[in-house]
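Okay, so here's the structure we're looking at.
One-based numbering, in listed order, for ligands and for the atoms of each. None of the values given here were measured: they were computed from a predicted structure.
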Amino acid sequence: MTDKQQNAGRSGRDAFTSSLGMLAATLGSAVGLGNIWKFPSMTGSNGGASFLFVYLACTVVVGLPIMISEIMLGRKVKANAITTLRKLSPKGQPWGIVGVSGVVAAFLILCFYTEVAGWVFAYIFKGLSGSVLTTDPKVASAAFASLISDPMQAIGWQWFVIVFVSIIITFGISKGIEKVTMRLMPILFLLLLVICARSLTLPGAEKGLEFLFTPDFSKITGSVILMAMGLAFFKLSIGMGTMMTYGSYFRDSQNIPLTAGRVVLADLVISLLAGIAIFPAVFAYGFDVSAGPSLLFITIPAVFASMPMGQFFAVLFFVLAAVASTGAMLSLFEVPVAYLCEARQMSRKAATMTTALLVMLLGAPAALSSSMTKDVKIFGLTFFDLFDFLSSNLCMPAGGLLICIFTGWVFGKDKFKAELTNHGLIKNEAIIDSLFFLIKYVSPLLVAVVMLNMLKVF
Ligand code: TRP
């Protein structure tokens, strides 16, 4: 009997069928727009190699333990995030609420993430027609502004992305998410290598590498450390049930700490390669380093338009960004879909359609943040920024903190050890002991500090 049949036989639930599939799907979730604009520009402007060091420390001390715990909890119960936490809660304790916060966060993130992904998809087509390729950053910003401030285009591209991701989701775990991410991840890697080779062979490329890697320890301040921690959360898709949901499709024989370690490492390599693809070219053509959407949609098209065969490389770059965002959106979609299927007894199709419709409805005000709703401010934020703020600064760190407390203080060491050694089959006790120490004492403390800071308590 294959593993898949075993899984299906036991629970009747779809699941990942191969070790590589689990790695591809989990990596697909971690790799996203965060790798392409957040990571490289943050590294460059916050002290290069020294920021990398801080980011790595945050990843090892906080990111990895939470990721491993989430996958483990999901695999133990083999259910969506809400049901998983409800089932593991001691009587009368409301841990299910952490799962609820995760589902809400998934919706909030989807509302703005699908919009940015929509711009990325739009730029593939606009790149093909040449309409956004100009070496003048002013013209490039006008082209970008005309896309985001046109309600029809802004909503249209967002819906296009939502429908595209929904179609993959309806195929399920093994035939949808696993199959697609196993194809996308190698393509992503290849595209990155091609663009890196192009960028590194431009005259003056060394300046970009210097920007990215020269250590400057004087730039490491308290707030930079907090930023690195926030980035680690977003990069690793933790704190909101994504990894729990994916974990629920993991096989019992999978070595969770090893898989999570590989995902973190590969995600880091991809982020670094993205930096190597972008900054040498930016410096070679004398552009300013910018961050966020303007790096992606203004600087990059202008940089690519400056080089020989620029149109080809620009389109390649946006295909790369589209591939990266697809894997991330699949994992975000799966959180509410799994819940609706299992706890609300919906068919997978109905659950996907419900999720898609809700994201379209809730996402519309975010998509219109540069046009029709641009003057609507809640707590001084546009809808787009509000969804980003609520999910990144509230739901995710709070979810992460509570997952640490749950794993360390409620779930407990014995079960933690049993699950992560696959009931004694893997000899990794020393690693498990250190992981447990981190998750029980160190990670929750650090996350609490970050969260209080994000909420501007100090
Ligand atoms: N990690 C993805 C990125 O880097 C984004 C993402 C996907 C995410 N799933 C998530 C972020 C869950 C937070 C939570 O772009």
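- Annotation: F234 places an N or O atom under 3.5 Å from an N or O atom of ligand 1; distance criterion only.
- Screening F317, W119, W37 against F297 for a ring-ring contact (aromatic ring centres under 6.0 Å, His included) leaves a single residue, W119.
- For ligand 1 and M240, the ligand atoms under 4.0 Å from any heavy atom of the residue are 12 (C), 14 (C).
- For atom 4 (O) of ligand 1, the closest non-hydrogen atom on the protein side is K235 NZ, 2.6 Å.
- In this structure, K219 fails the cation-pi test against F51, since its NZ or CZ atom is not both closer than 6.0 Å to the six-membered ring centre and inside 45 degrees of the ring normal.
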For this session: Mind running side-chain contact (heavy atoms from CB on, under 4.5 Å) on F387 and I109 for me, showing each step along the way?
Result: CA-CA 7 Å; F387 292 151; I109 298 177; over 6 Å; no
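- Of the listed residues (S29, S237, C395), the one carrying the non-hydrogen atom nearest atom 10 (C) of ligand 1 is S237.
- Remark: ligand 1 atoms within the under-4.0 Å shell around heavy atoms of T242 are 12 (C).
- Only side-chain heavy atoms of Y113 come within less than 4.0 Å of ligand 1; its backbone N, CA, C and O stay farther off.
- With ring centers used as reference points, F16 lies under 6.0 Å from Y246.
- Residues C395 and M240 have side chains not in contact (no heavy-atom distance under 4.5 Å, counting atoms from C-beta outward).
- Looking at M396 against ligand 1, only its side chain comes within 4.0 Å, counting heavy atoms.
- If you number the atoms of ligand 1 from 1 as listed, the ones under 4.0 Å from a heavy atom of S331 come out as 7 (C), 9 (N).
- By the 30° and 60° cut-offs, the orientation of the rings of F437 relative to Y441 is tilted.
- Residue contacts with ligand 1: L332 is placed with no nitrogen or oxygen under 3.5 Å of a nitrogen or oxygen of the ligand (distance criterion only).
- On a distance-only criterion, G34 and ligand 1 share at least one N/O pair closer than 3.5 Å.
- Which parts of ligand 1 touch I109 is read off a 4.0 Å heavy-atom cut-off, strictly below it: atoms 13 (C), 14 (C).
- Side-chain N or O atoms of T373 include none that pairs as donor or acceptor with a backbone N or O of V376 at under 3.5 Å.
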Exercise. Checking salt bridge (Lys or Arg N to Asp or Glu O under 4.0 Å) for the pair D252/K78: CA distance, chi angles, key distance, verdict?
Worked result: CA-CA 10 Å; D252 287 333; K78 298 206 169 34; 2.8 Å; yes
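- Close contacts between ligand 1 and N35 involve ligand atoms 4 (O) [criterion: under 4.0 Å to a heavy atom].
- S237 places no side-chain N or O within donor-acceptor distance of the main-chain N or O of T242, the cut-off being under 3.5 Å.
- Backbone and side-chain nitrogen or oxygen atoms of A30 are examined, and one is located within less than 3.5 angstrom of a nitrogen or oxygen of ligand 1.
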